[in-house]
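Letters A, B, ... mirror the listed sequences (proteins, then strands); counts begin at 1.
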There are 2 protein chains.
Amino acid sequence: MSKAEGTRNLQSKLRPIVNYSLTDQVETKLLDLFKKEDLRSGDPIPKENELCEAMGVSRTVIREALTRLKTIGLIESKKNKGMILTEPDLLIGLDKLLQPKILSEETLQDMFEMRLALEMGIAELVFARIKPQDILDLKAILKTEKDYKEDLEMDFEARFHGRIYAIARNNTLLRFQSMLLPIFKYVHDKGLKLKEEELPKNYVTHSIIVKVLETGNPEKYRDAMKRHLKVHFDRTIKIRKLLE
Amino acid sequence: MSKAEGTRNLQSKLRPIVNYSLTDQVETKLLDLFKKEDLRSGDPIPKENELCEAMGVSRTVIREALTRLKTIGLIESKKNKGMILTEPDLLIGLDKLLQPKILSEETLQDMFEMRLALEMGIAELVFARIKPQDILDLKAILKTEKDYKEDLEMDFEARFHGRIYAIARNNTLLRFQSMLLPIFKYVHDKGLKLKEEELPKNYVTHSIIVKVLETGNPEKYRDAMKRHLKVHFDRTIKIRKLLE
DNA sequence: AACATATAATATGTAATACATAATACATAA
DNA sequence: TTATGTATTATGTATTACATATTATATGTT
């Protein structure tokens with residue numbers, strides 16, 4: 001029996017000790033408390049000193065746990081007022097993380113695909129909620145397309161597609177999409193940029209998409225968007241295959 | 001001029017003071033540093049004491065800022081080793097927030113719609129990556145459908161649809177979907193549960209979906225899934241209209 | 001009585017110091 | 001050479017004190 005095997009064997013008998021720090025414990029206790037008390041957004045939570053006494057730990061630890069909860073947007077604190085539960089922002093912190101430099105290629109790929117999927121998937125919502133003004137806005141954006149030269153091309157894409165997302169009237173989705181922009185820019189700058197010649201014959205332009213939005217239906221939209229994004233789909237599928 | 005108007009007028013001249021706490025400032029400075037130094041996942045960052053000296057603030061403040069960055073998964077700390085930048089987990093913290101109780105109806109709605117959109121949108125990825133084993137697994141799951149009675153119905157839904165997401169081979173997406181489960185369960189329990197009689201005539205069953213996955217194509221899948229989810233789409237669209 | 005101003009009380013924010021603890025490197029002895 | 005003991009180091013926790021912003025109360029002036 002090798003040394004490694006011996007260790008593994010020992011492990012199965014002893015089980016490694018998981019070391020929850022005091023802060024970890026306080027954090028979970030707080031979350032439990034909120035759930036048990038059935039607290040809602042706006043409800044006040046105990047003072048720091050009360051928590052210290054109740055849990056028998058220093059204010060340092062309490063504050064560290066509270067800092068975590070503040071960071072994910074679950075609570076807010078005001079001097080003298082104390083702290084209250086808040087409607088958390090699901091996308092909080094995401095903007096700080098979405099810097100391509102620190103994300104792995106795999107995660108970038110994941111996010112890129114999610115965007116592609118969403119762009120196709122919002123068809124039903126878009127057609128259920130589109131209004132005349134949306135078309136007008138999109139047409140106005142179209143007119144500016146030629147003003148975006150070379151390296152600004154991505155900015156146009158962002159504006160155009162962002163405006164489509166807005167039609168879905170889903171604020172979380174809209175913000176999510178806008179946060180993903182740096183990633184697409186990165187992917188784009190990294191060589192995704194496709195020369196005109198490489199575009200497939202039945203390529204769907206932005207202008208065609210607007211037309212479909214104006215006169216089409218979800219099925220036609222999905223078909224158009226699929227062609228519009230085809231190169232991206234092809235690429236991501238090829239890349240992922242290589243990684244296997 | 002009313003008192004309120006006077007205040008507004010004064011505000012426009014003086015601009016309210018935005019009070020960045022020391023911790024806020026340290027946090028941004030740290031993020032700037034990481035970007036400026038072009039640090040990558042795994043790279044070490046300065047020790048707490050070094051940061052104290054460099055920025056001229058107490059360790060308390062430094063640690064609070066660091067706690068925030070740890071919370072969003074940007075850095076990790078180990079005793080004696082110091083701290084390193086880490087590949088952040090984009091979905092970190094999300095599970096703590098996705099308790100329906102503290103989320104507003106609007107946000108719940110948003111998330112629900114995102115899920116619907118994704119389910120439709122992943123068609124291309126699914127068909128590009130599906131393997132025989134996927135079909136086998138899905139068929140096995142299908143066989144257990146009758147075992148899930150009444151209140152466990154959602155568990156079956158989760159298993160089935162979760163398995164479909166897995167076909168897309170996108171880990172972030174898969175985890176995202178699984179985190180959303182409590183929300184769907186909530187929406188379901190809240191009265192979404194649809195009696196058999198309410199199902200539309202051309203309702204697509206789970207079994208049909210599997211068949212489409214086996215022998216169809218993205219278009220047919222989207223069509224099937226659209227019918228399968230029709231009641232949900234209809235409901236969310238109706239609700240959102242009422243909120244306008 | 002009405003109003004502005006001063007004062008006190010309160011809870012979070014910041015600082016400073018000391019010690020505990022885990023991980024690593026190094027030294028030591030069998 | 002190897003296992004064990006020891007020192008060192010950086011983070012984790014505790015304690016105390018004070019700063020600061022907000023609210024409530026009290027005070028005083030007209």
- Of the nucleotides C/dA15, D/dA14, D/dT13, which has the atom closest to the B/Leu22 side chain? C/dA15
- Query: What nucleotide among C/dA15, C/dT14, C/dA22 has an atom nearest to a side-chain atom of B/Lys79?
  - Reply: C/dA22
- Message: Please give me the minimum heavy-atom distance between A/Leu97 and B/Ile72, naming the atom from each residue.
- Response: CD1-O, 3.4 Å
- Query: If only side-chain N and O atoms of A/Thr60 are considered, is one of them under 4.0 Å from the OP1 or OP2 phosphate oxygen of D/dG12?
  - Reply: no
- Note on the structure: side-chain contact (heavy atoms from CB on, under 4.5 Å) with A/Ile167: of A/Leu174, A/Val126, A/Ile122, only one passes, and it is A/Val126
- Task: Nearest 0.5 Å please: distance from the CG atom of A/Leu69 over to the CD atom of A/Glu27.
- Result: 5.5 Å
- Ranking A/Lys81 and B/Lys47 by the position along DNA chain D of their nearest nucleotide, the one closer to 5' is B/Lys47
- Query: Just by distance, do the side chain of A/Glu64 and the backbone of A/Thr23 share a donor-acceptor pair under 3.5 Å?
  - Reply: no
- Message: With a 3.5 Å limit on both atom pairs, tell me what C/dT28 is paired to, counting Watson-Crick and G-U wobble, or say none.
- Response: D/dA3
- Which one is paired to C/dA11, where only Watson-Crick or G-U wobble pairs with both distances under 3.5 angstrom count? D/dT20
- Item | Nearest-Å distance for atom pair CE/P, residues A/Met83 and D/dT22 | 16 Å
- Interatomic distance where CG belongs to B/Asp24 and P belongs to D/dT20 [whole Å]: 17 Å
- So CG of A/Leu33 and CG of A/Leu51: to nearest 0.5 Å the spacing works out to 8.0 Å
- Query: How long is the line joining CD of B/Glu48 and P of C/dA22, in whole Å?
  - Reply: 17 Å
- Message: Please report the distance, rounded to the nearest Å, between CD1 in A/Ile62 and C1' in C/dT12.
- Response: 14 Å
- Message: On DNA chain D, compare the nucleotides closest to A/Asn80 and B/Asn49; which residue's is nearer the 5' end?
- Response: B/Asn49
- Separation of D/dT11 P from A/Glu64 CD (nearest whole Å): 13 Å
- Query: Taking atom P of D/dT11 as reference, at what distance in whole Å does atom CD of B/Glu76 sit?
  - Reply: 14 Å
- Task: Would you kindly give the CD1-to-P distance between A/Ile84 and D/dT23, to the nearest whole Å?
- Result: 12 Å
- Query: Which part of the nucleic acid, if any, lies within reach of A/Ser77 when heavy atoms closer than 4.0 Å are counted: base, sugar-phosphate only, or nothing?
  - Reply: sugar-phosphate
- Message: Which nucleotide wins on minimum distance to the side chain of B/Arg59, given the candidates D/dT13, C/dG13, C/dT14?
- Response: D/dT13
- For D/dG12, take OP1 and OP2 only and decide whether either is under 4.0 Å from a side-chain N or O of B/Arg63. yes
- For B/Met55 and C/dT14, what is the distance between atoms CE and C1' respectively, to the nearest whole Å? 15 Å
